[in-house]
Amino acid sequence: PDVRRALPSADPGTQERLIRILAWQGDSKALPFLQSLVPKSAQENSAIAWATEKIETLAFTPDQHH
């Protein structure tokens, strides 16, 4: 939650790092927020797409019993 709160007011370089932190934390509650962001650069757009995919991948838990 602290990372999500810090994101809107952070400078662009810090925002990109925070986006990546959210992804590595697997913060599924951050998905709607990430999807609502308007990228300010191609690099930020790429980071948002990567983070969204990473969070979705980490949130997926296959059934280990079948």
Side-chain angles (χ1 to χ4, degrees):
D2 290 337
V3 176
R4 277 185 261 133
R5 271 195 294 274
L7 196 55
S9 60
D11 64 77
T14 302
Q15 277 189 340
E16 188 177 340
R17 287 190 295 279
L18 293 173
I19 289 167
R20 293 186 184 281
I21 290 168
L22 288 172
W24 285 113
Q25 290 178 339
D27 187 352
S28 60
K29 291 181 182 172
L31 280 174
F33 178 74
L34 288 173
Q35 293 163 345
S36 74
L37 290 176
V38 177
K40 297 174 186 77
S41 67
Q43 189 172 352
E44 189 174 296
N45 186 51
S46 177
I48 292 168
W50 175 84
T52 300
E53 183 179 337
K54 177 62 74 178
I55 291 169
E56 289 171 347
T57 300
L58 290 173
F60 177 73
T61 52
D63 186 353
Q64 304 275 331
H65 302 291
H66 295 281

Pro39 and Leu37 have their tightest heavy-atom pair at CD-O, 3.4 Å
Please tabulate, for side-chain N and O atoms in residues 18-25, each donor-acceptor pair with protein atoms closer than 3.5 Å (sequence neighbours left out).
unit_1: Arg20; atom_1: NH2; unit_2: Glu16; atom_2: OE2; d: 3.4

Answer yes if Phe33 and Ile48 sit in the same cluster of Ile, Leu, Val, Met, Phe, Trp and Tyr residues linked by side chain heavy atoms under 4.5 Å apart, and no otherwise. yes
Residues 22-33 vs salt bridge (charged side-chain N to carboxylate O under 4.0 Å, His left out), sequence neighbours excluded, gives Arg4-Asp27
Could you give all pairs that pass the salt bridge (charged side-chain N to carboxylate O under 4.0 Å, His left out) test and reach residues 30-54, with sequence neighbours left out? none
